[in-house]
There are 2 protein chains.
Amino acid sequence: MPSLTYAEENYLKAIYHLSDGGKNNVSTNDLSKEMKTKPASVSDMLRKLSEKEVINYRKYYGVTITEEGKKSALQIIRKHRLWEVFLVEKLMFSWDEVHDVAEELEHIKSPILIQRLDDFLGNPKYDPHGDPIPDEFGDVKARPRLPLNELMVNDGGQIVAVKDSSAAFLRYLDKVGAYIGARIKVLDKVEFDGSLEILVDNKKTLFMSKDVAGNILIMQTS
Amino acid sequence: MPSLTYAEENYLKAIYHLSDGGKNNVSTNDLSKEMKTKPASVSDMLRKLSEKEVINYRKYYGVTITEEGKKSALQIIRKHRLWEVFLVEKLMFSWDEVHDVAEELEHIKSPILIQRLDDFLGNPKYDPHGDPIPDEFGDVKARPRLPLNELMVNDGGQIVAVKDSSAAFLRYLDKVGAYIGARIKVLDKVEFDGSLEILVDNKKTLFMSKDVAGNILIMQTS
DNA sequence: ATATTTTTTTAGTATAATCTAAATCACTAT
DNA sequence: ATAGTGATTTAGATTATACTAAAAAAATAT
Ligand SMILES: [Mn+2]
Ligand SMILES: [Mn+2]
Ligand SMILES: [Mn+2]
Ligand SMILES: [Mn+2]
């Protein structure tokens, strides 16, 4: 694995996520938006990442991630998610407070550290947002899951993850009781704007916009 | 407190240590040696640190640390030592493995993180090398201590800290059973080279060079 | 098929942290 | 008092990451 700088690691992770794990091509503008840097800066970085052979770069046509790149990205993601577990399980952070800190901690370079952290945490399989934690070889146990807004009326399931890890969104979910593991059922869908009426844990009903529902990921059971 | 870069934090910490907590003047060459950078690079950095008012810099005459600088340095040292405790107490690192990792972790910027880490660890007062951990206000409880080579024959005490935290030195101490807390007594001193014969825990006798003894810090009891 | 718009790259600049080589200052020893 | 030595600073270059402005390529619309 090539050694990557802090900035290179952040770009590579963004490419991995934007390409949906390497499946799609990623454009300069998409990366620019994601990284909050100008397209010119992205072009520059793509040249560097391409020289380190973690991406395939065809000028003007965007990038795909290489096998090597995928491995590197997955190790960074592994570290990010393990640190998030640590912060929530051990340091009593709430799930909306961990992202930015993990964004820094993920760059600490020490294989022994991450292996022992993993053991200390009891080798967790999912992070506080329900995302799977890659193992030391980069293998990910993906659970089948789909956005809540894609369920039909009367469909039910369990919340297994969230797409958006921003503090604002997670605090809203806390407020309405939509934690990970909650059982939900779609009671009604409004044709006009796609908003939903949801039954949570067979107790509370709750209305949410299509936008919100699109960021809640469900493991369907019926 | 001014915001400092990663490199600036490392220089400031080195200045704090080389000046013995702000007591002495530090020269460009001393810093150059400590930081493993060229004197020219040090001069450059001193200008920057001086602009941020964490040091007093008189060209050609070295630097002293300001009150602001001392506060910043102590916060970095606090983080470094708390992380070292975490690594040893929670992640089962040995005391010779923690320094380099803590050197990275100390730069993570999150007040809430360090406060909660402190609580999680039970607000420890000393790090694995016996060094005191500054509190959130930068107050340090210094224990009186002196290098083992300065004891007289028949003087006794307890090992409370080590000056050198290098893996090589610490592994040597492990091998001879000179851990922190061990009770020692000076049985003999060789006039010629200053080497010592030591009784450890009233059990084992052990010979060590003046150089080694100078890096072991003792709380004297007799 | 051509013109317009959008996307992307290139060129040139800036800041941070490092280096080497050259210049300058301070201290020491005659 | 001055020459020499060593320490320190300055000048100029390099690498990494970012920026703005301009040029070029690709995509879209007429
Ligand atoms: Mn990051
Ligand atoms: Mn997460
Ligand atoms: Mn450091
Ligand atoms: Mn220590």
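Numbers restart at 1 for each chain; the letters A, B, ... are given by sequence-line order, proteins then strands. Because the structure is a prediction, the values reported are computed rather than measured.
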Please list, by residue number, the residues of residues 100-108 of chain A whose heavy atoms come closer than 4.0 Å to an atom of DNA chain C; answer none if no residue qualifies. none

Protein-nucleotide distance (A:Arg47, atom CZ; D:dT17, atom P), rounded to Å: 10 Å

Sorted by chain and number, sequence neighbours left out, side chain to side chain donor-acceptor pair (under 3.5 Å) with A:Ser209 holds for none

Test salt bridge (Lys or Arg N to Asp or Glu O under 4.0 Å), reference A:Asp131, set A:Lys125, A:Lys163, A:Arg145, output is A:Arg145

Taking B:Arg81 for its side chain and B:Tyr126 for its backbone only, find out whether a donor-acceptor pair lies under 3.5 Å. no

Atom CD of A:Glu8 and atom C1' of D:dA18: how far apart are they, to the nearest Å? 14 Å

I'd like to know if the side chain of B:Asp20 and the backbone of B:Lys23 have a donor-acceptor N/O pair within less than 3.5 Å. no

Between the main-chain N or O of B:Ile108 and the side-chain N or O of B:Lys79, is there a donor-acceptor pair closer than 3.5 Å? yes

Indicate yes or no for a side-chain donor-acceptor contact from A:Arg116 to the backbone of B:Met92 under 3.5 Å, with no hydrogens or angles considered. yes

A:Asn215 side chain to A:Asp211 main-chain N or O, any donor-acceptor pair under 3.5 Å? yes

Under 3.5 Å between N/O atoms: give me all the protein pairs with nucleotides 19-23 of chain D, atom names plus distance.
residue, atom, partner, partner atom, Å
D:dC19, OP2, A:Lys38, N, 2.8
D:dC19, OP2, A:Ser41, OG, 2.7

Which is the 5'-most and which the 3'-most nucleotide of DNA chain C that has an atom under 4.0 Å from a heavy atom of chain A? C:dT7 to C:dT10

Sequence neighbours excluded, which residues qualify as side chain to side chain donor-acceptor pair (under 3.5 Å) partners of B:Ser195? B:Asp193

For B:Tyr11 and A:Asn29, find the nucleotide of DNA chain C closest to each by heavy atoms; which residue's nucleotide sits nearer the 5' end? A:Asn29

Does D:dA18 have its OP1 or OP2 closer than 4.0 Å to a side-chain nitrogen or oxygen of A:Tyr6? no

Lys NZ or Arg CZ of B:Lys90 over B:Phe120 ring: under 6.0 Å, within 45°: yes

Considering residues at least two apart in sequence or located in another chain, which fulfil the side chain to side chain donor-acceptor pair (under 3.5 Å) criterion with B:Asn149? none

Mapping A:Tyr61 and B:Lys59 onto DNA chain C by nearest heavy atom, which one lands closer to the 5' end? A:Tyr61

D:dT17 phosphate, OP1 or OP2: any side-chain N/O from A:Thr5 under 4.0 angstrom? yes

If you apply the rule side chain to side chain contact (heavy atoms under 4.5 Å, CB included), what do you find for A:Asn56 with A:Val63, and how did you get there? CA-CA 5 Å; A:Asn56 301 116; A:Val63 297; over 6 Å; no

